[in-house]
J.: 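The structure that follows is given in the form of structure tokens.
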Protein chains: 2
Amino acid sequence: MDMPDWVASVDPCDADCPSRDLLDLIGDRWSLLIMLVIGQGFHRNGEIRRRVGGISQKMLTQTLRALEANGLVARHDFATVPPHVEYRLTPLGVSLGHAVGPMFQWIEASYPAVLRARAAYAARQAQAA
Amino acid sequence: MDMPDWVASVDPCDADCPSRDLLDLIGDRWSLLIMLVIGQGFHRNGEIRRRVGGISQKMLTQTLRALEANGLVARHDFATVPPHVEYRLTPLGVSLGHAVGPMFQWIEASYPAVLRARAAYAARQAQAA
DNA sequence: CTGAATCCGCTTGGATACTG
DNA sequence: CAGTATCCAAGCGGATTCAG
């Protein structure tokens with residue numbers, strides 16, 4: 001099996017396995033996209049919401065709270081009026097950003113291959129029917 | 001901003017952005033875990049189901065179909081009786097495995113830090129209340 | 001501008017029973 | 001063993017409204 005060595009150390013059976021826990025956090029629809037946008041230099045609620053197309057205010061707040069609670073994002077409330085709040089990646093958040101870099105690069109690079117695979121699969125299904 | 005350079009090229013606003021599409025596939029609760037287990041050498045339905053604790057037969061089949069449809073996993077039906085079906089990672093699937101390696105390593109390495117951040121956040125909340 | 005709160009439809013996903 | 005089909009409860013998440 002030509003998978004990387006680290007796979008041997010991951011045991012998805014184990015409820016203690018951090019994979020389950022953290023995959024629930026960063027493996028949802030919005031978390032990584034939001035961290036990405038913050039990393040691109042958009043720090044304010046409205047900026048992020050406009051930049052991450054299709055997200056609702058509810059999900060944005062909810063996801064930001066979760067990221068904050070897990071130490072990936074820091075929330076700075078300037079306590080002014082009108083309100084001014086900025087979100088920044090913590091060092092931990094930045095390190096995660098680097099860790100998911102290869103995955104995003106894979107997505108960019110492999111998207112055509114995935115699209116081809118989908119077409120081939122659809123063709124096989126149509127033929128079988 | 002000390003985020004990697006590749007972030008600049010990702011635009012989550014763009015509906016065409018492959019990130020949205022593929023994150024929906026591999027960013028769910030089971031896909032990566034299943035690919036991991038297959039990569040560890042468990043190729044049969046029952047093996048995988050027992051190894052990925054807590055997964056239902058329905059979700060296993062559903063996820064395997066999605067992975068197959070996207071070219072990440074190959075399904076081999078030996079057409080025997082009793083049935084014998086094996087799932088293998090495709091080369092594309094193996095390449096994804098390598099791409100998510102750093103993320104899993106980050107999870108293993110950073111889990112204590114996340115746990116500490118959670119505790120600190122909970123303490124802050126309790127104090128505020 | 002930031003964000004909390006409510007309502008509610010729809011999807012997700014588990015349990016169960018059944019087929020080849 | 002592998003997989004499908006049906007039922008159904010829980011909760012995700014959007015739209016809207018209100019507050020500081």
Side-chain angles (χ1 to χ4, degrees), chain A residues 12-13 15 20-21 23-34 37-38 41-70 73-88 121 124-125 128-129, chain B residues 12-13 15 20-21 23-34 37-38 41-70 73-88 121 124-125 128-129:
Chain A
C13 281
R20 292 288 191 89
D21 191 359
L23 245 27
D24 276 352
L25 171 65
I26 65 179
D28 76 324
R29 188 190 310 282
W30 302 114
S31 292
L32 284 181
L33 293 178
I34 289 176
V37 167
I38 296 178
F42 301 91
H43 303 302
R44 303 190 55 174
N45 184 313
E47 286 178 338
I48 302 170
R49 182 160 40 80
R50 275 186 299 276
R51 185 127 179 95
V52 181
I55 194 173
S56 64
Q57 175 62 48
K58 176 182 175 180
M59 287 314 297
L60 176 55
T61 300
Q62 187 172 310
T63 306
L64 284 171
R65 286 294 175 281
L67 293 175
E68 186 194 1
N70 286 271
V73 161
R75 180 177 186 274
H76 298 290
D77 190 336
F78 289 78
T80 59
V81 53
H84 182 143
V85 178
E86 290 193 357
Y87 297 93
R88 303 262 173 183
Y121 184 81
R124 255 177 287 139
Q125 294 304 97
Chain B
C13 280
R20 292 289 189 89
D21 191 359
L23 244 30
D24 275 354
L25 171 65
I26 64 178
D28 76 322
R29 189 191 307 284
W30 302 115
S31 292
L32 285 182
L33 293 179
I34 289 176
V37 167
I38 295 178
F42 301 90
H43 303 300
R44 304 190 56 173
N45 184 313
E47 285 178 339
I48 301 170
R49 183 160 41 80
R50 275 186 299 277
R51 183 126 180 97
V52 181
I55 194 173
S56 64
Q57 175 62 48
K58 178 181 175 180
M59 287 314 297
L60 177 55
T61 299
Q62 189 172 310
T63 307
L64 283 171
R65 286 294 174 282
L67 293 174
E68 187 193 1
N70 285 271
V73 161
R75 180 178 186 274
H76 298 291
D77 190 337
F78 289 78
T80 59
V81 54
H84 183 145
V85 178
E86 289 193 358
Y87 296 93
R88 304 262 173 184
Y121 184 81
R124 255 179 287 140
Q125 292 306 97

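Bear in mind that the values here come from a model prediction, so they are computed numbers and not experimental data. Below, chains carry the letters A, B, ... as their sequence lines are ordered, and counting in each starts from 1.
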J.: Rounding to a whole Å, what distance do you find between A/R75:CZ and C/dC1:C1'?
T.: 12 Å
J.: Nearest-Å distance, CG (A/L60) to C1' (C/dA4)?
T.: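 Rounding to the nearest Å, CG of A/L60 and C1' of C/dA4 are 13 Å apart.
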J.: Taking atom P of C/dG20 as reference, at what distance in whole Å does atom NE2 of B/H84 sit?
T.: 22 Å
J.: Is any side-chain heavy atom of B/L64 less than 4.5 Å from a side-chain heavy atom of B/I34?
T.: yes
J.: Please state how far atom OH in B/Y87 lies from atom P in D/dC1, giving the value in whole angstrom units.
T.: 14 Å
J.: Do B/L67 and B/T63 have side chains that approach each other closer than 4.5 Å (heavy atoms only, starting at C-beta)?
T.: yes
J.: Would a 4.5 Å heavy-atom cut-off, applied to side chains only, mark A/L60 and A/V52 as touching?
T.: no
J.: Does A/E47 have any side-chain hydrogen bond (donor to acceptor under 3.5 Å, both in side chains) partners at least two apart in sequence or in another chain, and if so, which?
T.: none
J.: Would you kindly give the CZ-to-P distance between B/R50 and D/dC1, to the nearest whole Å?
T.: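 Result: 6 Å.
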J.: Among residues at least two apart in sequence or on other chains, which ones pass ring-ring contact (aromatic ring centres under 6.0 Å, His included) with B/H76?
T.: none
J.: Nearest to the side chain of A/R44 - C/dG3, C/dC1, D/dT4?
T.: C/dC1
J.: Is there a side-chain contact between B/H43 and B/Y87, using heavy atoms and a 4.5 Å cut-off?
T.: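 No; the side chains remain at least 4.5 Å from each other.
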J.: Roughly how many Å is it from CZ in A/F42 to P in C/dC1, rounded to a whole number?
T.: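 Atom-to-atom, A/F42 to C/dC1, this comes out as 16 Å.
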J.: Compute the angle between the rotation axes at the two ends of the helix from C/dC1-D/dG20 to C/dG20-D/dC1, each taken over five pairs, rounded to 10 degrees.
T.: 40°
J.: Do the non-hydrogen side-chain atoms of A/I38 and A/R51 ever get within less than 4.5 Å of each other?
T.: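 In short, these two side chains do not touch, never coming nearer than 4.5 Å.
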J.: Given atom CZ of A/R49 and atom C1' of C/dA4, what is their separation to the nearest angstrom?
T.: 14 Å
J.: Of all residues at least two apart in sequence or in a different chain, which pass the side-chain hydrogen bond (donor to acceptor under 3.5 Å, both in side chains) check with B/T61?
T.: B/Q57
J.: Let me know the distance between NE2 of B/H76 and P of D/dG3, rounded to the nearest Å.
T.: 13 Å
J.: Could you list the residues that satisfy side-chain contact (heavy atoms from CB on, under 4.5 Å) with A/D24, not counting sequence neighbours?
T.: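 Once residues adjacent in sequence are excluded, the partners of A/D24 under the side-chain contact (heavy atoms from CB on, under 4.5 Å) criterion are B/R29.
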J.: Within the 4.0 Å limit for protein heavy atoms, which parts of nucleotides 10-20 of chain D are touched? Write it as a string from 5' to 3', B for base, S for sugar-phosphate only, - for none.
T.: ---BBB----B
